[in-house]
Structures are given as C-alpha cells and as structure tokens.
Amino acid sequence: MKIYIVYDSEAGHTEQLARSIAKGAQSVEGTEVFINHVSKANVKDLADMDAIIWGCPGHFGTISSGLKEWIDKLGYLWANGTLVDKIGAVFCTTATIHGGIEATLLNLVTPMLHQGMMVVGLPANIPENALYGSYYGVGVTSPVEDTRDDLIQSLFTKGLGLGEALGKRVANTANTIAAGKKLLSNP
C-alpha cells in the first residue's frame with residue numbers, strides 16, 4: 001500500500017503534523033509512505049499511489065498559495081481520470097483557535113472530489129476528535145513562536161495524536177478497498 005503525503009509548511013508546525021500522519025500510516029503493516037514538501041513533490045508520482053494526503057497552514061480560511069499552486073498542476077491527471085477512486089485525506093494548521101480550520105479543510109477536500117477521489121475524515125468515535133477535532137480531516141491550532149499558552153500547546157500536542165489516527169485510518173481504508181478490488185477481480 002502506497003501513501004503520498006504532500007504538505008506546505010512555514011514555521012514547521014504543518015510539517016510536524018504531516019510527519020505524525022506518516023507515523024500513523026506506517027503503523028499499518030505493508031504500508032509504504034512517501035512524504036514531501038510541495039517544493040519537492042511531483043504530481044506525476046500520484047498515479048502510482050493508493051492514497052494521497054495533503055495539507056497546509058490555513059491562510060484566512062483557505063489553502064496556502066504553495067499548496068494551491070501544486071494542486072493546480074493536477075489538471076492532466078483529472079483529464080485522464082488518474083486519481084478516480086484513490087483514497088484522499090486532508091490536514092491543516094492555524095495560528096488561532098477558530099482560525100478557519102474547517103473552512104481550510106473543506107477547501108482542501110474540494111479538489112479531491114473533483115478528481116473523483118474517496119475522501120476519508122475522522123469519526124466521532126475517536127474521543128479527542130469529538131472534543132476538539134474536525135470530521136473533515138485533521139485541523140490543529142499551532143502555537144506561534146512567542147506564545148507560552150498552555151491551552152494552545154496542549155491542543156497542538158493532542159492534534160499530533162489525531163494526525164496519527166488519520167494516517168492509520170487512511171492506510172486501513174486503502175487496504176480494505178484494495179482487498180475488495182482483489183476479491184472482485186478474482187471471483
């Protein structure tokens with residue numbers, strides 16, 4: 001099972017979240033994870049993946065310009081239906097509580113739906129997600145460099161745990177879909 005994680009990160013918080021997602025995915029046996037910053041990621045690599053997870057810092061409730069520029073390169077994949085039925089998931093960070101996390105996640109999901117991907121989020125049966133998460137993906141409030149706010153530090157640390165949960169869920173979902181396709185092709 002191959003999972004590609006693409007992220008944009010400015011202060012390192014989104015990269016930390018991407019790495020926690022990778023850790024969760026790698027905990028599922030047989031999963032190979034590829035992780036790249038948008039500046040090094042190649043959209044052509046997506047054709048060989050079973051699942052794709054992308055994320056960025058939220059900028060006023062929407063996608064960062066770096067990730068948006070990368071997503072805009074997916075046109076030829078869309079034209080060929082290359083990403084249809086691949087598993088997708090999203091993540092983001094913001095600097096403030098209620099800083100546009102859900103709006104950013106929804107903006108990140110939209111291109112996946114246009115590609116015909118099957119989007120995986122996090123359910124409420126993960127207690128931490130029901131308390132401070134989002135069903136659309138993982139959104140984490142990140143501490144800004146000069147804050148010592150214990151609440152923000154705690155939310156960020158717990159958010160990394162949600163990142164692991166998302167990575168594991170995506171890997172398990174991709175494995176389940178692959179097993180189902182195998183059964184259908186070998187009756």
Practice item. Please determine if E164 and K168 form a salt bridge, counting it only when a charged side-chain N lies under 4.0 Å from a carboxylate O. Key: no
Can you see which heavy atom on [X] is nearest to which on [Y], and at what distance?
X: M1; Y: D50; result: SD-CB, 3.2 Å
X: S64; Y: D8; result: OG-OD2, 2.7 Å
X: T93; Y: T14; result: OG1-OG1, 2.6 Å
X: P123; Y: G121; result: CD-O, 4.1 Å
X: I177; Y: M118; result: CG2-CE, 4.2 Å
X: A171; Y: A25; result: CB-O, 3.8 Å

Please name all residues satisfying side chain to side chain donor-acceptor pair (under 3.5 Å) with [X], sequence neighbours left out, ordered by chain then number.
X: R169; answer: none
X: Y4; answer: N36
X: D72; answer: K68
X: E10; answer: H59

Can you list, pair by pair, the side-chain donor-acceptor contacts under 3.5 Å of residues 99-112, counting residues two or more places apart and other chains?
unit_1	atom_1	unit_2	atom_2	d
E102	OE2	S134	OG	3.4
T104	OG1	T62	N	3.4
T104	OG1	G100	O	2.9
N107	ND2	G61	O	2.9
N107	ND2	A103	O	2.9
T110	OG1	L106	O	2.9

Study note, to complete from the structure: Rounded to the nearest 0.5 Å, the NE2 atom of H13 sits from the CG atom of L160 at a distance of 9.5 Å
Check your understanding: Just how far is it from atom CD1 of I63 to atom SG of C92, taken to the nearest 0.5 Å?
Key -> 10.0 Å
Review point. Taking side chain as C-beta onward, heavy atoms only, is V140 less than 4.5 Å from F91?
Key: no
Exercise for review: Without swapping roles, check the side chain of K86 against the backbone of I52 for a donor-acceptor pair under 3.5 Å.
Suggested key: no
Donor-acceptor pairs are to be reported for all side-chain atoms of residues 73-85 against protein atoms at under 3.5 Å, with residues two or more places apart or in another chain.
unit_1	atom_1	unit_2	atom_2	d
W78	NE1	H114	O	3.4
N80	ND2	Y76	O	3.0

Check the hydrophobic clustering (I, L, V, M, F, W, Y; side-chain heavy atoms under 4.5 Å; chains of links allowed) and say if [X] and [Y] are grouped together.
X: I35; Y: I21; answer: yes
X: L67; Y: Y7; answer: no
X: V38; Y: V33; answer: no
X: I3; Y: V138; answer: yes
X: L122; Y: W54; answer: no

Check your understanding: Under the side-chain contact (heavy atoms from CB on, under 4.5 Å) criterion, do V90 and I53 qualify, and how do the steps go?
Key -> CA-CA 5 Å; V90 299; I53 306 170; over 6 Å; no
Do any side-chain atoms of residues 39-47 form donor-acceptor pairs under 3.5 angstrom with protein atoms, and if so which ones, sequence neighbours left out?
unit_1	atom_1	unit_2	atom_2	d
S39	OG	H37	ND1	2.9
N42	OD1	K44	N	2.9

